[in-house]
Q: 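First, the structure itself, so that you have it in front of you.
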Amino acid sequence: MRDKLRQMDEMFLDLAIGVLLCGVISMILGMIISRGNWWYLVGDIIGTAAAVGFLIHMTVSIQDAAYMEVHQASRYMVKCSVIRYLAMLLILVLSIKMINFACFIGVVVGFLGSKISAFLNKPIHKYITSRIMK
């Protein structure tokens with residue numbers, strides 16, 4: 001069980017590094033494409049920070065559910081997923097209603113950083129995380 005939790009910690013580090021890396025790249029490219037629109041940058045920072053927060057919440061939820069019975073863990077994970085989706089929806093609605101459309105686009109791009117980092121998990125682990133963990 002400890003080996004599984006260690007693998008999960010390494011996976012969390014892989015994903016967190018990937019989200020931050022994708023966030024920085026999307027901030028740089030977005031500022032070039034939008035010709036320096038600061039609202040896009042604010043939205044991307046919010047989206048990237050939220051993606052890291054969702055990743056932390058998901059990791060903690062999985063670690064908590066690992067010590068529960070099957071039925072209880074299933075209900076707990078559904079509840080945690082709904083909380084994350086509602087938080088994501090709230091952030092998106094606030095960014096488009098209260099701030100600016102460019103901020104909304106930045107938030108969406110920041111959220112997508114977690115999906116991209118999941119695809120880049122293997123190279124990130126090979127070139128970055130394995131060197132950090134040594």
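Any value given below was found using the heavy atoms of this structure, including those in side chains, with hydrogens, waters and symmetry copies removed. For reference, positions follow the sequence shown, starting with 1.
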Q: Between the side chain of S26 and the main-chain N/O of G23, is any donor-acceptor distance below 3.5 Å?
A: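 Yes; at least one donor-acceptor contact below 3.5 Å.
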Q: May I ask whether L20 and I45 are part of the same hydrophobic cluster, defined by side-chain heavy atoms of I, L, V, M, F, W, Y residues being less than 4.5 angstrom apart, directly or through others?
A: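 No, L20 and I45 fall in different hydrophobic clusters.
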Q: For a 4.5 angstrom cut-off between non-hydrogen side-chain atoms, does S61 reach K79?
A: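 Side-chain contact under 4.5 Å: no.
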Q: For the NZ atom of K115 and the CG atom of L15, what is their distance to the nearest 0.5 Å?
A: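 That separation rounds to 10.5 Å.
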Q: Looking only at non-hydrogen atoms, find the nearest pair between C22 and S117 and report the distance.
A: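 Looking at all heavy atoms of both residues, the shortest contact is SG-N, 4.2 Å.
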Q: According to a 4.5 Å side-chain heavy-atom criterion applied to Ile, Leu, Val, Met, Phe, Trp and Tyr, with indirect links allowed, do L94 and Y85 form part of one hydrophobic cluster?
A: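 Each belongs to a different hydrophobic cluster.
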Q: In Å, rounded to the nearest 0.5 Å, how long is the span from CZ of F104 to CG of L92?
A: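 Result: 5.5 Å between the selected atoms.
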Q: Would you indicate whether the side-chain heavy atoms of I91 and V107 approach each other to under 4.5 Å?
A: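 A side-chain contact exists here, since the closest heavy-atom pair is under 4.5 Å.
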Q: Output the distance between atom CG (N121) and atom CZ (F119), rounded to the nearest 0.5 Å.
A: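 Nearest 0.5 Å value for the CG-CZ distance: 11.0 Å.
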Q: Do the side chains of L55 and M58 get nearer than 4.5 Å, heavy atoms only?
A: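 Answer yes - side chains close enough.
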Q: Are V109 and M31 linked, directly or through other ILVMFWY residues, by side chains that come within less than 4.5 angstrom of each other?
A: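 Result: no, two separate clusters.
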Q: Closest approach of A51 and G110, non-hydrogen atoms and distance?
A: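 Between these two residues, the closest heavy atoms are CB-O, 3.8 Å.
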Q: Are I62 and I56 in one and the same hydrophobic cluster, where Ile, Leu, Val, Met, Phe, Trp and Tyr link if side-chain heavy atoms are under 4.5 Å apart?
A: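 Linked within one cluster.
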Q: If you look only at pairs with a residue in residues 31-54, which of them pass as a ring pair (Phe, Tyr, Trp, His ring centres under 6.0 Å), with sequence neighbours excluded?
A: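 Passing the test, one end in residues 31-54: F54-F111.
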Q: Can M77 be reached from M68 by stepping across I, L, V, M, F, W or Y side chains whose heavy atoms are under 4.5 Å apart?
A: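 Yes, because M68 and M77 connect within a single hydrophobic cluster, where side-chain heavy atoms sit under 4.5 Å apart.
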Q: Measuring only between side-chain heavy atoms, which start at C-beta, is T48 closer than 4.5 Å to M27?
A: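 Yes, close enough: below the 4.5 Å cut-off.
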Q: Using a 4.5 Å cut-off on heavy atoms from C-beta on, say whether the side chain of L41 contacts that of N37.
A: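 In short, these two side chains do not touch, never coming nearer than 4.5 Å.
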Q: Using 0.5 Å steps for rounding, measure from the CG atom of L21 to the CD1 atom of I128.
A: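 Taking CG in L21 and CD1 in I128, the distance rounds to 6.0 Å.
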Q: Out of curiosity, Q72 CD to Y67 OH, how far, rounded to the nearest 0.5 Å?
A: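 So the gap between those two atoms works out to 14.5 Å.
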Q: If you measure from OG on S81 to NE2 on H57, what distance do you get to the nearest 0.5 Å?
A: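 Here the interatomic distance stands at 8.5 Å.
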Q: Which atoms form the tightest heavy-atom contact between I124 and G18, and what is the distance?
A: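 Heavy atoms of I124 and G18 come nearest at CD1-CA, 3.4 Å.
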